[in-house]
Protein chains: 4
Amino acid sequence: MPQAQPDRGRADPSPEALQEFLTGLAAEIHARADWGKVADYIPELADVELAQFGIAVQLADGSLCHAGASEVGFSIQSISKVFSLACVLGRIGEQIWQRVGREPSGSRFDSILLLELEKGIPRNPFINAGALVVTDELLTGRTPRDALAEIIHFIRAAAGDDAIHIDRAVAMSEQATGDRNRALGNYLKSYGNLKNPVDYTLGTYFHQCAIEMDCLQLARAGRVIAGLPGAPSILAPARARRITALMLTCGHYDESGDFAFRVGLPGKSGVGGGILMVAPGRASIAIWSPGLNATGNSRAGAYAAEKLAEFTGWSVFG
Amino acid sequence: MPQAQPDRGRADPSPEALQEFLTGLAAEIHARADWGKVADYIPELADVELAQFGIAVQLADGSLCHAGASEVGFSIQSISKVFSLACVLGRIGEQIWQRVGREPSGSRFDSILLLELEKGIPRNPFINAGALVVTDELLTGRTPRDALAEIIHFIRAAAGDDAIHIDRAVAMSEQATGDRNRALGNYLKSYGNLKNPVDYTLGTYFHQCAIEMDCLQLARAGRVIAGLPGAPSILAPARARRITALMLTCGHYDESGDFAFRVGLPGKSGVGGGILMVAPGRASIAIWSPGLNATGNSRAGAYAAEKLAEFTGWSVFG
Amino acid sequence: MPQAQPDRGRADPSPEALQEFLTGLAAEIHARADWGKVADYIPELADVELAQFGIAVQLADGSLCHAGASEVGFSIQSISKVFSLACVLGRIGEQIWQRVGREPSGSRFDSILLLELEKGIPRNPFINAGALVVTDELLTGRTPRDALAEIIHFIRAAAGDDAIHIDRAVAMSEQATGDRNRALGNYLKSYGNLKNPVDYTLGTYFHQCAIEMDCLQLARAGRVIAGLPGAPSILAPARARRITALMLTCGHYDESGDFAFRVGLPGKSGVGGGILMVAPGRASIAIWSPGLNATGNSRAGAYAAEKLAEFTGWSVFG
Amino acid sequence: MPQAQPDRGRADPSPEALQEFLTGLAAEIHARADWGKVADYIPELADVELAQFGIAVQLADGSLCHAGASEVGFSIQSISKVFSLACVLGRIGEQIWQRVGREPSGSRFDSILLLELEKGIPRNPFINAGALVVTDELLTGRTPRDALAEIIHFIRAAAGDDAIHIDRAVAMSEQATGDRNRALGNYLKSYGNLKNPVDYTLGTYFHQCAIEMDCLQLARAGRVIAGLPGAPSILAPARARRITALMLTCGHYDESGDFAFRVGLPGKSGVGGGILMVAPGRASIAIWSPGLNATGNSRAGAYAAEKLAEFTGWSVFG
C-alpha cells in the first residue's frame with residue numbers, strides 16, 4: 001500500500017502568497033539596482049535596457065504568478081539547448097550520448113580546451129560544443145529549416161503558444177560574430193563529430209538561440225521539463241528527469257556547482273539574461289534580467305532564484 | 001494555507017517490498033559477477049575479497065532494510081569527506097568557502113592540474129586537495145588527535161554507534177604510500193592554503209579515510225545528511241541540503257555528472273568500494289562492493305544504486 | 001685587431017668527401033628501410049611512394065652535393081612557414097611579434113589548447129596558428145593572389161629558379177580537409193587576431209603549403225637563411241639569424257628540443273616529409289623522405305640529419 | 001684537405017676592446033637603473049642589495065675580462081642544474097633520458113601541470129622537476145653528502161678554484177620554504193620517478209642550489225661547457241655540445257625562445273640573478289644582477305647579455 005510521502009521542507013506557498021512575494025521581489029531587485037552588464041557581442045543584446053527584471057512561476061495547480069517585466073520578450077539563447085536536447089532524445093534516444101558526454105566541464109561555455117583533451121567529444125550538451133552536436137544530430141536527413149521547425153514546434157507545444165518565434169535580426173548578428181562557435185564547429189568536424197556542413201549546423205544553432213520568449217511563455221514551456229500535471233505529453237517523464245539532472249550539474253557553465261549549492265534547483269541560463277528553473281513536480285520558473293555577472297549568468301536573475309528558493313523552501317535536496 | 005505536496009513519482013515502497021527487492025538485488029549482483037577491480041595501492045585494500053556486495057537502506061519510518069554483506073566492515077575512505085565537511089561547517093560555517101570552491105572538477109580525484117590553474121584553491125571539498133583543506137581547517141588550534149576525535153564523534157553520534165573506529169593498519173599503509181596526497185599537501189602549502197604542518201594535516205586525513213564501517217552503520221550515519229525524521233540533531237537542515245548538493249555535483253569525481261544522470265540521487269563514493277547515497281527526507285542508503293571501475297567508483301555499487309533508484313522511483317529530479 | 005676565430009670542431013669536409021658520404025647515406029637509408037608512415041589526410045600525400053629519400057647540401061663555396069631522389073618534387077608544407085615569416089619580417093619587421101610569440105609550444109602543430117590559455121596569441125610562427133597569423137599579416141591591403149605571389153617570388157629568388165610552383169591539387173585537397181586549421185582560424189578571429197576573412201587567410205595558407213620543390217631547389221633557397229656567401233640579398237643577415245633561432249627552438253613541433261639535442265642544427269620540417277636545415281655560414285641542407293614518425297616529422301629524414309651532422313661536425317653548439 | 005672555416009660574423013673583439021665595452025656596459029646599466037625585483041621567498045635572497053651588476057667574460061685565448069660587481073658572491077641557484085646534469089651524464093650517460101625529457105616546457109620553472117599530463121616524466125632537466133630527477137639519479141648508491149660533494153668537486157675543478165662552497169644559510173632557508181619543490185618531489189615519487197626518500201633528494205637539491213660563486217668563478221667554470229681551449233678535461237666535448245643545446249632550448253624557462261631569439265647564445269639563468277652563457281669555442285660568460293623580471297630571469301642580466309652579443313657578434317646562428 002502506498003505510504004504518505006515524507007515532507008522535509010515547508011509546504012508549497014499559496015498562489016496568493018507567492019504572488020505577493022514576487023511583487024515584493026521585483027521591487028527589491030529594482031531597489032538594489034545591482035544589475036551586472038548586458039552581453040555586448042551583438043547589438044541586439046547590447047542595446048537591451050539594463051534595468052529590467054521579470055519573473056513568472058507556473059505552479060502545479062495551474063496558477064501562473066508573475067511580476068515585473070514578465071511580458072517583455074528576450075532572446076532565450078542557451079536555454080534553447082534544453083529544448084533541442086529534449087527533441088533529440090525524442091528522436092534518437094540515448095544514442096546521443098555516443099557523441100556528447102554528461103559531465104560538468106568546469107570551464108567557460110565556449111571553451112575549446114577540454115575538447116582537445118577529450119578528442120572531440122564535448123563534455124555535456126549545455127556547453128556550446130555539446131549543443132552544436134545535438135543540433136547537428138537533429139539535422140540528420142533534414143534541412144536546417146525543418147530541424148529548426150522541430151525545435152520551435154516543441155517549444156510552442158510545451159508553452160501552448162503559437163506566437164513564439166525567432167528574432168531574425170539576432171540570428172543574423174550571431175552569424176556575423178560567431179567566430180568562436182565556428183571554431184568549435186570546425187574543430188568538432190576535424191574529429192568527425194559533426195555530420196553536416198559546419199555552416200548548416202551553425203546556422204541552425206544560431207537561429208535556435210535567437211528564439212524570443214517572455215517569462216510567461218518560458219514558464220509555461222518549462223512545465224514539460226518540471227513534469228507538472230497538465231503539461232502536454234511531449235516528453236517522457238524519465239527523459240524530463242534526466243534533462244533536469246543535466247541542468248543541475250551543467251546548467252550554469254562553470255558556476256553550476258555554486259548554483260546547485262546556493263539555490264538547490266535545476267536551472268539553465270542564457271546569455272540574454274534568462275533562466276529557466278524547475279522545482280520538479282511543483283513549479284516551472286522563468287526569470288529574466290539582461291545584466292550578466294562575470295560568468296555570463298544573469299546577475300539579478302541568480303539573486304532572484306536564490307530568494308525564491310528560500311521563500312518557497314523548494315530544493316531538490318530536501 | 002499549506003497545500004498538498006504534488007507527487008510526480010511513485011509512493012515509497014513498503015519496508016517489506018524493499019527488503020524483498022534488496023535480497024533479490026544482492027543475488028542478481030552475485031549472478032552478474034561483474035565486480036571490477038579492488039584498489040591495489042595498499043595491501044589492506046588489495047587483499048579484500050572481490051566478490052562481495054552489501055546494501056542497507058534506512059527509511060524515514062525508522063525501518064532499516066539490508067541484504068548481502070551489510071555487516072562486513074570496510075574502509076570508508078573518501079566518504080569520510082562528507083563528515084569532515086559537516087564538522088567544519090558546524091565549526092566555522094560558510095567561511096570555509098574562502099579556502100575551497102564548490103564546482104565540479106571534471107578531473108580525477110587526485111589531480112593537481114586544476115590546482116595550478118586556480119592558484120591553490122581546490123575546486124570542491126570532495127576531491128583530495130579540497131578534503132585536505134577541510135581537514136586542515138579542523139586542525140586549527142587543535143591537535144591531530146582532537147580533530148580526528150571530532151570527526152569520529154560526529155560519525156558515531158550520527159550512526160548512534162560508539163563501536164565505529166579507525167583501522168590503524170589502513171592509516172599506516174596510506175601514510176606509507178601517500179605520495180600523491182603529500183604532493184597535494186605541499187602544493188597547497190606553497191600557495192598558503194594549508195595552515196598546519198603538512199604531516200599533521202596528512203596524518204589526520206589518512207586516519208579519517210581509514211575509518212571502518214559496515215553498511216548498517218553507514219546507512220544510519222547518513223540519516224543526518226538525508227534529513228530523516230528521528231536523526232540526531234547534529235547538523236542543521238540547511239547545511240545538510242547544501243552538503244547533498246555538493247554530493248550530487250561532485251560526489252563521484254569525474255563520473256559525478258553521469259551518476260546524477262543515471263541514478264538521480266546525491267551520493268559519495270570511496271575507493272574502498274563504499275557509496276553513501278541519500279534520498280532527501282526519504283532514505284539513507286549505504287552500498288558496498290570493493291571492486292572499482294576505471295573512474296575509481298564501486299562497479300557493482302553503482303549498478304545497485306541505479307537499480308534501487310529505478311525500483312523506488314526515488315530521484316531528486318521528480 | 002681581429003683575432004683568428006677559434007675552431008672547436010673539425011673543418012668542413014671537401015665537396016668530394018661530402019658527396020661520397022651522401023651517396024653512402026642514401027644507400028644506408030634504403031638498406032635500413034625504416035620509413036615511417038606517409039601522411040594520409042589528403043590523397044596527394046597518401047599516394048606518395050613511401051620508400052624514397054633525397055638529400056642536397058649547398059656549401060658555402062658554391063658547390064651543391066646531392067644523392068637519392070634529390071630531383072623529385074614534394075610538397076614543402078610547413079617549411080613554407082620559414083619563407084612567409086621572412087616575407088613578413090621584410091614587410092613590417094618586428095611588429096609581427098605583437099601578434100605571435102617566440103616560445104616553443106611543447107605541443108602538437110595544430111593544438112588549440114595553448115591558444116585558449118594565451119588568449120589568441122599563438123606561441124610561435126611555426127605552429128599552424130602562428131603561421132596563419134603571419135599569412136594574415138601578409139594579406140594586409142592585398143589580395144590572396146598577391147600575397148601568395150610574394151611568397152613564391154621570395155622562394156624563387158632565393159633558389160634562383162623560376163620553375164618553382166604551387167601544386168593546385170594539393171591546395172584543393174588541403175582546403176577540403178582543413179577543418180582543424182579552419183577551427184584555428186575562426187578561433188584567432190574570435191580573439192581579433194585575424195584581420196582578413198578566415199577563408200582568405202586559410203586559402204592563402206593552404207596554397208603556400210602546397211608549394212612543390214625538390215631537394216636541389218630547397219637547398220638553394222635555404223642559402224638566404226643560412227647566410228651563405230653568394231646568396232641573393234633578399235633577407236637581412238640579422239633577420240636570417242633570428243629565423244634560424246626560431247627554427248632551432250620551434251622548428252619540429254614538440255620534437256624541437258630533441259632535434260636540437262641530437263642534431264644540433266636549426267631545421268624546419270613539413271608533413272610532406274621535407275626538412276630544411278642550416279649550418280649558419282656553412283651550408284644549407286634539404287632532406288626529403290615522405291614517411292613520418294609519430295610526431296609528424298620525417299623519420300628517415302631525421303636520421304639522415306643526425307648522421308650528416310655527425311659526419312661534418314656541424315653544430316651550432318661548437 | 002681541410003678548408004678554411006667560413007666566417008659569417010665579425011671576428012672576436014680583442015681583450016682590450018672587450019674590457020672597454022664591459023666597463024661601459026656596467027656604467028650604462030647603473031645609469032638605466034632598470035633593475036627588476038629581487039626574489040623574496042627567502043630572506044637571504046630578499047636582502048640582497050638590488051642595484052648591483054657584475055659581468056665576467058672568459059675568452060678562448062685565456063684572458064678574462066670583467067666589470068662591475070664581478071667578485072661579489074651570489075647564489076647560483078638553477079645554474080647548478082647545468083653542472084648536476086654534467087655530472088649525471090658523466091656517471092650514467094644517455095640513460096638519464098629515460099627519466100627526463102629534452103623538450104622546452106613552455107611553462108613556469110615550478111609548474112606541476114605538464115608533469116601530470118606526462119605522467120611523471122619531466123619535460124627537461126632544467127625545470128625544477130627535471131633537476132630533481134637528475135639529482136635523485138646522482139644519489140644512487142650514495143649519501144646526499146657524497147652526491148653533493150661530486151657536484152661541488154666538478155664545479156671547483158671546472159673553475160680551478162677550491163674556495164667555491166655552499167652557503168648553508170641559503171640551503172636552510174630553501175628547505176624551510178620549499179613547499180612547491182616538495183610537492184614536485186612527492187609527485188615524482190607517486191609516479192615512481194624518484195628513487196630516494198623525497199627528503200634526501202630535496203635536501204641535496206636545496207644544497208646544490210645554494211652554491212655561492214662570483215662572476216669570475218662562474219665564467220671560469222663555464223669553460224668546460226663552452227669547450228674553450230685549456231679547459232680541464234672533465235666533460236666530453238659531445239656532452240658539452242648537448243648540454244648547450246638544452247641551455248638554448250630550455251635554459252630560461254618560458255622565456256627560452258625569446259632569449260634564443262634576441263641573444264642567440266645558450267644560457268642558463270638562476271633566481272639569484274645569475275646567468276651562465278656560452279659562445280661555443282669562443283667564450284664563457286657570467287652575468288649577475290639580482291633583480292628579476294616577471295619570468296624569474298635577471299632583468300639587467302638579460303639586457304647585458306643582449307648588448308654583449310650585439311657588440312661581439314657572437315651568435316650560434318651565424
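Every chain is numbered from 1 and lettered A, B, ... according to where its sequence line falls, protein lines coming before strand lines.
Contact count versus chain D (heavy atoms, under 4.5 Å) is highest, among C:Ala279, C:Pro266, C:Cys250, C:Ser256, for C:Ser256. Considering only heavy-atom pairs separated by less than 4.5 Å from chain D, the leading option among C:Ile243, C:Asn124, C:Leu246, C:Asp258 is C:Asp258.
Pairs passing the salt bridge (Lys or Arg N to Asp or Glu O under 4.0 Å) check and including a residue from residues 218-228 of chain D, sequence neighbours excluded, do not occur.
For the residue pair C:Thr295 / C:Asn297, no side-chain donor-acceptor distance below 3.5 Å is found, with atom types taken as modelled. One side chain, C:Lys81 or C:Asn128, offers a donor N or O that lies under 3.5 Å from an acceptor on the other.
Listed by chain and residue number, C:Asp136, C:Glu137 satisfy the salt bridge (charged side-chain N to carboxylate O under 4.0 Å, His left out) test with C:Arg99 (two or more places apart in sequence, or in another chain).
For chain D, the nearby parts of C:Leu248 are the backbone and the side chain; heavy atoms of each come within less than 4.5 Å.
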